[in-house]
Amino acid sequence: MARRYDCNDATDRKTGLREAASAVRRGELVVLPTDTLYGIGADAFSAEAVGDLLQAKGRGRSMPTPVLIGSPNTLHGLVTDFSEQAWELVDAFWPGALTLVAKHQPSLQWDLGETRGTVAVRMPLHPVAIELLTEVGPMAVSSANLTGHPAPEDCDAAQEMLGDSVSVYLDGGPTPGIQPSSIVDVTGKVPVLLRAGALSAEQLREVVPDLEVAS
């Protein structure tokens, strides 16, 4: 049976983060608040757990799961051929609502879906998420909704959809943002905006003026 913890209560938050970390290490699923929407997460390096995540959402492998990290320094072990422009975007917008699609290290033993050698990675601007990610390391995290349903802005909506497929729910109250993160592909010579979300092309071009927008 799923357990839920109120992260606005100091004692409940401490217990919830401990229980969530233990669940992730056991290969179970957790729901956590971020600065955009609620996410359903699992150990990024457990193929079985990531498979359970996709199954819980009713999502196929053709839509790989993004990865959340607790520090920009974690990128050094995850990505390769990371350009100077990519680092400039990290410096300007992390932690925050920017997801970067980069080439992942070929040596990584993970299975996030059909990624074609890339990973979509982000550092969220939310204290509960960062604390959990700092404790357990990179997590595969997708929006905490059933595929085809609206992404949840509070824990109630996530739990109503996902139920007992999730072991631990971390309730941080309504999310501060209602838009998903913007997604920028940094695998080529020029950054390409794949999805405009919380950050507009104009905001991104203040840092990388040659940003292109996918057609």
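Atom set for the values below is all heavy atoms of this structure, side chains included, hydrogens, waters and symmetry mates excluded. All residue numbers in this chain count up from 1 along the given sequence. Just so you know, these numbers come straight off a predicted model, no measurement behind them.
Considering only heavy atoms from C-beta on, Leu89 comes within 4.5 Å of Leu204 through its side chain. By the 4.5 Å heavy-atom criterion applied to side chains, Cys7 and Asp12 are not counted as neighbours. Considering only heavy atoms from C-beta on, Phe93 comes within 4.5 Å of Leu199 through its side chain. Looking only at side-chain heavy atoms (C-beta outward), Asp52 and Lys57 stay at 4.5 Å or farther from each other. Between Tyr5 and Leu17 the shortest side-chain heavy-atom distance does not fall below 4.5 Å.
For the pair Val24 and Ala42, the tightest heavy-atom approach, listed with the atom from each and the gap, is CG1-C, 4.4 Å. The heavy-atom pair separating Met123 from Gly70 by the smallest distance is CE-O, 3.1 Å. For Ala129 against Leu32, the heavy-atom pair with the smallest separation is CB-CD1, 3.8 Å. Closest approach of Asn8 and Gly173 over heavy atoms only: ND2-N, 4.0 Å.
Exactly one residue among Leu125, Thr175, Val128, Leu68 makes a side chain to side chain contact (heavy atoms under 4.5 Å, CB included) with Thr34. That residue is Leu68. A side chain to side chain contact (heavy atoms under 4.5 Å, CB included) with Ile40 is found for one member of Thr65, Asn145, Val166 and no other, namely Val166. For the side chain to side chain contact (heavy atoms under 4.5 Å, CB included) with Asp171, the qualifying choice from Arg13, Arg4, Gln159 is Arg4, the only one to do so.
No path of Ile, Leu, Val, Met, Phe, Trp and Tyr side chains, each step under 4.5 Å between heavy atoms, connects Leu133 with Leu112, placing them in separate hydrophobic clusters.
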Using the side chain to side chain contact (heavy atoms under 4.5 Å, CB included) rule, take Val101 and Val186 through it: C-alpha gap first, then chi angles, then the decisive distance, then the call. CA-CA 6 Å; Val101 177; Val186 293; 5.9 Å; no

Let me see the working for Trp110 and Val50 under side chain to side chain contact (heavy atoms under 4.5 Å, CB included), right down to the final yes or no. CA-CA 9 Å; Trp110 62 11; Val50 174; over 6 Å; no

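A donor-acceptor pair is defined here as one N or O able to donate and one able to accept, closer than 3.5 Å; such a pair exists between the side chain of Arg205 and the backbone of Leu211.
In this structure, a donor-acceptor pair under 3.5 Å is present between the side chains of Thr99 and Ser181.
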